[in-house]
Structures are given as structure tokens and as C-alpha cells.
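Basis for what follows: all heavy atoms, side chains included, without hydrogens, waters or symmetry-related copies.
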Amino acid sequence: MSPLVRLARNGTLAGLLALFALCLAWEGWLAPLRPGSLLWIKALPLLLPLPGVLRGRRYTYQWLSMFILAWFIEGVMRGWSDDGAIRYFALLELALSVWIFACTVVFARFTRPSAA
């Protein structure tokens, strides 16, 4: 495995775990939308690609590059419309989703089968 592929794999894993932790902390207790809100559940789908990411399955990286766009969209919308701490959490979510997207694209690009 080349150093770039290893970096992309580790970057994807770190980004997924960081985004998972951010979503839990943000919606769980740091700045929930409403008291008792269950919006922290949005973090749970981030666990779905973890087995494939850990195994280095190219297919997982390919669909993850599209899957992560849901968190990108939420980060843009809430970063644009909300104020205070929520805006900063949304911008961090936006940055992490862009990071994950970039890492997944690099991994998928440099692990593709060579043309015969």
C-alpha cells in the first residue's frame, strides 16, 4: 500500500470518527436543537461504512464519497442559518465532511484497477 493510499485511509477513518463524535456531542449536550432532542441519532449512520473503511474496501469508499454529502448539506444549511455556537459546530461539520470526501476520493482514485 502506497503512503498516499495509507494517508487517505487513515484520514477517512479519523474524519469519520471525529464527525461521529461531533454529531453526538453537538446534538446530545453541547448545543441541542431543543432540550431532549433526538437529533443526535444522525451520528449513527456514520458507523455503517466503518467495517469497509477498516478493511480498505474500495467499494465502501466509493459510496461513502456520496453518502457523506448529507452531512455536508446540513453543515452548509445550519452554518448559513444558525447563530452562535451552533454555527461553529456546523462549520466544523462542513469541514470534516469535506475532509472525508477528499480522502475517500483519493483512496478510490489510487486503488483503482489498472487498465488492461
Can you tell me how far CZ of Phe107 sits from CE of Met1, rounded to the nearest 0.5 angstrom? 6.0 Å

Kindly compute the distance separating CG (Leu16) from CD1 (Ile68), expressed to the nearest 0.5 Å. 6.0 Å

Not counting sequence neighbours, which residues clear salt bridge (charged side-chain N to carboxylate O under 4.0 Å, His left out) with Arg9? List them please. none

Rounded to the nearest 0.5 Å, what separation is found between the CG atom of Leu7 and the OG1 atom of Thr12? 9.0 Å

Return all side-chain donor-acceptor pairs below 3.5 angstrom for residues 24-33, not counting sequence neighbours, or 'none' if the list is empty.
residue : atom : partner : partner atom : Å
Glu27   : OE2  : Lys42   : NZ           : 3.2
Glu27   : OE2  : Arg78   : NH1          : 2.5

Would you mind reporting whether Ile100 and Trp71 have side-chain heavy atoms less than 4.5 Å apart? no

Can you confirm whether more than 12 heavy atoms, excluding those of Trp99, are under 6.0 Å from its CH2 atom? no

Interatomic distance, SG@Cys23 vs CG@Leu92, rounded to 0.5 Å, equals 9.5 Å

So CG of Leu47 and CG of Leu17: to nearest 0.5 Å the spacing works out to 8.5 Å

Could you pull out the closest heavy-atom pair between Gly79 and Arg87, with the gap in Å? O-NE, 2.9 Å

Please report the closest heavy-atom contact between Ser97 and Leu94, naming both atoms and the distance. OG-O, 2.8 Å

ILVMFWY network linking Tyr88 to Val76, side-chain heavy atoms under 4.5 angstrom: no

Looking at CZ of Phe67 and CZ of Phe101, how far apart are the two atoms once the value is rounded to the nearest 0.5 Å? 14.5 Å

When you group the ILVMFWY residues by side-chain heavy-atom contacts below 4.5 Å and let the links chain together, are Leu39 and Ile86 in the same group? no

Okay, side chain of Tyr61, backbone of Gly56: is any donor-acceptor separation there less than 3.5 Å? no

Run the side chain to side chain contact (heavy atoms under 4.5 Å, CB included) test on Thr104 and Thr60 for me, step by step, so that the C-alpha distance in whole Å, both residues' side-chain angles and the decisive distance to 0.1 Å come before the verdict. CA-CA 9 Å; Thr104 58; Thr60 301; over 6 Å; no

Hey, quick one: are Trp80 and Leu91 part of the same hydrophobic cluster, counting side-chain heavy atoms closer than 4.5 Å, chains of contacts allowed? no

Count the heavy atoms belonging to other residues, nucleotides or ligands that lie under 6.0 Å from CZ of Phe20, then report whether that count exceeds 12. yes

